[in-house]
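Some notes on the structure that comes next.
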Protein chains: 2
Amino acid sequence: MHFWAMNDKANQPLLKGSLSVIILKLLENRERMYGYEITQQVKALTAGGVAITEGALYPALHKLEAEGLLTTETEVVDGRARKYYSLTKTGKTEAVNRVDELMAFMQNLQTILAPAFPAPKPAF
Amino acid sequence: MHFWAMNDKANQPLLKGSLSVIILKLLENRERMYGYEITQQVKALTAGGVAITEGALYPALHKLEAEGLLTTETEVVDGRARKYYSLTKTGKTEAVNRVDELMAFMQNLQTILAPAFPAPKPAF
DNA sequence: AAAGTATATCTAGAAGTTGTAGGTATACTT
DNA sequence: AAGTATACCTACAACTTCTAGATATACTTT
């Protein structure tokens, strides 16, 4: 079996609402990715700090496709099927918009969460 | 009546999971706040960019209280009832932990969302 | 040869958070 | 008298994500 704790911190849940933006952003960089590749890419970019679960990823991909932001083409590579996703024209526009929105929100959040009182300098 | 569009951007939904952290952080700064005050404070800190809805706020406060992170005392001020919330000892610890976690997550998110290719310098 | 790991996709249902849309009530301003 | 600001509340809908399964191929280890 072999469970293994790894980081102990790796399992932080995603903030709900961020997954679709992550997907759109990665596809903005790469033109073409398949689901499993996305999970690996996120893990790599964040040094294991963020893990996308498959139970969230695949429904999210299907929804983005249904919304017309992604298109797919399936290929068989090394005997295994892969489903490649790419941004549609609308998807490209939406990618920019949603990334901007999320960045703006995070900016606000950081303002709120920033320490209120700077560490006082030692008195002398 | 008079609806009014204001910013057109004011209505951005919160990232689910961030509200309780915002509450804990504000109470870390101020010792004692009531619900309505929290909504106004967030609005002020973010220049209207983030709006906390009461339908989300009050249930969140009640939950944090039920979890033992907050305590309340009710007072009547200017003829109106106010319910002040403060951090418990456990609440203070949790505030630090959750803020740290959220900041770490945002750091990761920013890594993912950062532009992949720096704007190329003009060729000459 | 068997078992486990990595690759690759999928779904059903539970859990959880937030928004919508109401409700109540007092004080003040128009 | 009506509207606005202050102040609290709840029920329900909407949505996203996680858990926990399932399936299948290829490769490595035992």
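Just so it is clear: chains get the letters A, B, ... in the order the sequence lines come, proteins before strands, and each one is counted from 1. For clarity, every value in this text was computed on a predicted model and none was experimentally measured.
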Exercise. Between atom CD in A:Gln40 and atom P in C:dT5, what is the gap in whole Å?
Worked result: 16 Å
Exercise. For A:Leu61 and A:Lys16, take the nucleotide of DNA chain C holding the closest heavy atom to each; which residue's nucleotide lies nearer the 5' end?
Worked result: A:Leu61
Exercise. Just how far, in rounded Å, is P of C:dT9 from CZ of A:Arg80?
Worked result: 10 Å
Exercise. If we only count heavy atoms from C-beta on, is the B:Met106 to A:Leu109 side-chain gap below 4.5 Å?
Worked result: yes
Exercise. What is the distance from CG of B:Leu64 to P of C:dG16, rounded to the nearest Å?
Worked result: 14 Å
Exercise. Rounded to the nearest Å, what distance is computed from the CE atom of residue A:Met33 to the C1' atom of nucleotide C:dA8?
Worked result: 14 Å
Exercise. NA contact type, B:Glu54, heavy-atom cut-off 4.0 Å: base, sugar-phosphate, or nothing?
Worked result: base
Seminar exercise, completed: 5'-most contact on DNA chain D (nearest-nucleotide basis), A:Gly79 vs B:Glu37, goes to B:Glu37
For this session: Among the candidates C:dT9, C:dA27, D:dT17, find the nucleotide nearest to the side-chain atoms of A:Leu19.
Result: D:dT17
Exercise. What nucleotide, of C:dA27, D:dC8, C:dT18, holds the atom closest to the side chain of B:Ser18?
Worked result: C:dT18
Problem set entry | Distance test, side-chain N/O of B:Lys83 to OP1/OP2 of D:dA7, below 4.0 Å | no
Exercise. Given atom CD of B:Glu73 and atom P of D:dA7, what is their separation to the nearest angstrom?
Worked result: 16 Å
For this session: Write down the partner of C:dT30 under the Watson-Crick or G-U wobble criteria, each distance required to be under 3.5 Å.
Result: D:dA1
For this session: For A:Gly55, report the nucleic acid contact type (base, sugar-phosphate, nothing); a contact means any heavy atom under 4.0 Å.
Result: base
Seminar exercise, completed: B:Tyr34 atom OH is separated from D:dT6 atom P, nearest whole Å, by 8 Å
Exercise. Between atom OG of B:Ser18 and atom CD1 of B:Ile52, what is the distance when rounded to the nearest 0.5 Å?
Worked result: 8.0 Å
Problem set entry | From D:dT16, C:dG16, C:dT9, nucleotide with atom closest to A:Tyr36 side chain | C:dT9
Exercise. Does a donor on one side chain sit under 3.5 Å from an acceptor on the other, for B:Glu31 and B:Ser86?
Worked result: no
Exercise. Of B:Ala56 and A:Arg82, whose closest DNA chain C nucleotide lies nearer the 5' terminus?
Worked result: A:Arg82
Exercise. Taking 4.0 angstrom as the limit, do A:Lys25 and A:Glu28 come out as a salt bridge?
Worked result: yes
For this session: Check whether any side-chain nitrogen or oxygen of B:Tyr58 sits under 4.0 Å from OP1 or OP2 of D:dC8, and answer yes or no.
Result: yes
For this session: Look at the side chain of B:Thr88 and the backbone N and O of B:Leu69, then say whether any donor-acceptor pair between them is shorter than 3.5 Å.
Result: yes
Seminar exercise, completed: Side-chain atoms of A:Lys63 come closest, of D:dC8, D:dT16, C:dA27, to D:dT16
For this session: Mind calculating the distance between CD1 (B:Ile52) and P (D:dT6) to the nearest angstrom?
Result: 16 Å
Seminar exercise, completed: A:Leu57 atom CG is separated from C:dA12 atom P, nearest whole Å, by 17 Å
Problem set entry | Position toward the 5' end of DNA chain D (nearest nucleotide), B:Tyr84 or A:Glu67 | B:Tyr84
Problem set entry | D:dC18 phosphate, OP1 or OP2, under 4.0 Å from A:Thr53 side-chain N/O | yes
Exercise. Taking atom types as modelled, is there a side-chain donor on A:Glu54 or A:Thr39 under 3.5 Å from an acceptor on the other?
Worked result: no
Exercise. Considering only side-chain heavy atoms of A:His62, which listed nucleotide, D:dC9, C:dC10, D:dT10, is closest?
Worked result: C:dC10
